[in-house]
Amino acid sequence: TMRKMLENRNLFRIYHISFAMEFFYALMIVYTPLYLHSLGYSWADMGILFTVMLVPFVLLQYPLGVLSDRFFGEKEMLFGSIAIATLATATIPFLGVSTLVIWGGILFMTRVGAAGIEILRDAYFYKQIDGNDMDIIAFFRTTRPLANMTAAILSAGILLFLPLSNVFFVVAVMLFFSLWSAYLLSDTL
């Protein structure tokens, strides 16, 4: 399996992008509510923010899949989605106590990027394999547990020495490095 992954660099690159996406989820799901609560936001306010934040998954994934298949290709749209998620995530530590509209907008943009990455990485990955590559599919599914373990260990180390807001910089850096993998992907159109 590793030999196949190394022979087809696109599989390795999409694995890296998938790992970064799962790392994003692992930390954002846990630390966004904790950070907002530490800033004084109520759970009711967070309920509104999180509802707004999740709308892109409903509205964007199908249209993005159609656009990537017909017009643009996954490579370009993956790059754009990663860039959006990276920039939006990197702004979180600078917001502090702001209006719900500003927080809603930033969290919405993180999920615009995440929704794009999620659908486009799957579309790209399944275009790279066929029915004989069950080992590759099984290996690809290791991104979530590997990212969860890495995120837990890394965030524990960060929180021993730095404030909670620095976790978002780590997420942004992880996403930023996956931009290079997206840039190097072979185009599917």
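Residue numbers start at 1 and run along the sequence shown.
Here the CD1-CG distance, from Ile14 to Leu78, works out to 5.0 Å after rounding to the nearest 0.5 Å. Put simply, OG on Ser68 and NZ on Lys75 are 14.5 Å apart, with the number rounded to the nearest 0.5 Å. Atom CG in Leu160 sits 9.5 Å away from atom OG in Ser155 (nearest 0.5 Å). Distance check, rounded to the nearest 0.5 Å: CG of Leu67 to CG of Leu120 gives 9.5 Å. In this structure, CZ in Phe79 is found 16.0 Å from CZ in Phe72, a value given to the nearest 0.5 Å.
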Solution key, residues 104-112 side-chain donor-acceptor pairs under 3.5 Å, sequence neighbours excluded:
unit_1	atom_1	unit_2	atom_2	d
Thr110	OG1	Leu107	O	2.6

Can you give me every donor-acceptor pair (side chain of residues 82-97, partner residue at least two apart or in another chain, under 3.5 Å) with its distance?
unit_1	atom_1	unit_2	atom_2	d
Thr86	OG1	Ile82	O	2.7
Thr89	OG1	Ala85	O	2.7
Thr91	OG1	Ala88	O	2.7

Show me the donor-acceptor pairs within less than 3.5 Å that the side chains of residues 51-61 make with the rest of the protein, sequence neighbours left out.
unit_1	atom_1	unit_2	atom_2	d
Thr51	OG1	Gly47	O	2.7
Gln61	NE2	Ala115	O	3.2
Gln61	NE2	Glu118	OE2	3.1

Show the atom names and distances, to 0.1 Å, of all donor-acceptor pairs under 3.5 Å that link a side chain in residues 129-137 to residues at least two apart or in another chain.
unit_1	atom_1	unit_2	atom_2	d
Asp130	OD1	Asn132	N	2.9
Asp133	OD2	Asp130	N	3.0
Asp135	OD1	Lys4	NZ	3.2
Asp135	OD2	Thr1	OG1	3.1
Asp135	OD2	Lys4	NZ	3.2

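Partners of Arg121 under the salt bridge (charged side-chain N to carboxylate O under 4.0 Å, His left out) rule, at least two apart in sequence or in another chain, are Glu22. In this structure, the ring pair (Phe, Tyr, Trp, His ring centres under 6.0 Å) partners of Tyr35, at least two apart in sequence or on a different chain, are Phe168. Here Tyr31 pairs with nothing under the ring pair (Phe, Tyr, Trp, His ring centres under 6.0 Å) rule; sequence neighbours left out. Applying the side chain to side chain contact (heavy atoms under 4.5 Å, CB included) rule to Leu146 yields the partners Tyr15, Phe19, Met149, Thr150; only residues at least two apart in sequence or on another chain are considered. A search for ring pair (Phe, Tyr, Trp, His ring centres under 6.0 Å) contacts involving Phe125 returns Phe140, not counting sequence neighbours. Under the side chain to side chain contact (heavy atoms under 4.5 Å, CB included) criterion, Asn8 pairs with Asn10, Leu11, Gln128, sequence neighbours left out. Partners of Val66 under the side chain to side chain contact (heavy atoms under 4.5 Å, CB included) rule, at least two apart in sequence or in another chain, are Tyr62, Arg70. Residues satisfying the side chain to side chain contact (heavy atoms under 4.5 Å, CB included) criterion with Pro33, sequence neighbours excluded, are Trp43, Met46, Phe50.
Enclosure of atom OH in Tyr25 by more than 12 non-hydrogen atoms of other residues, nucleotides or ligands within 6.0 angstrom is indicated.
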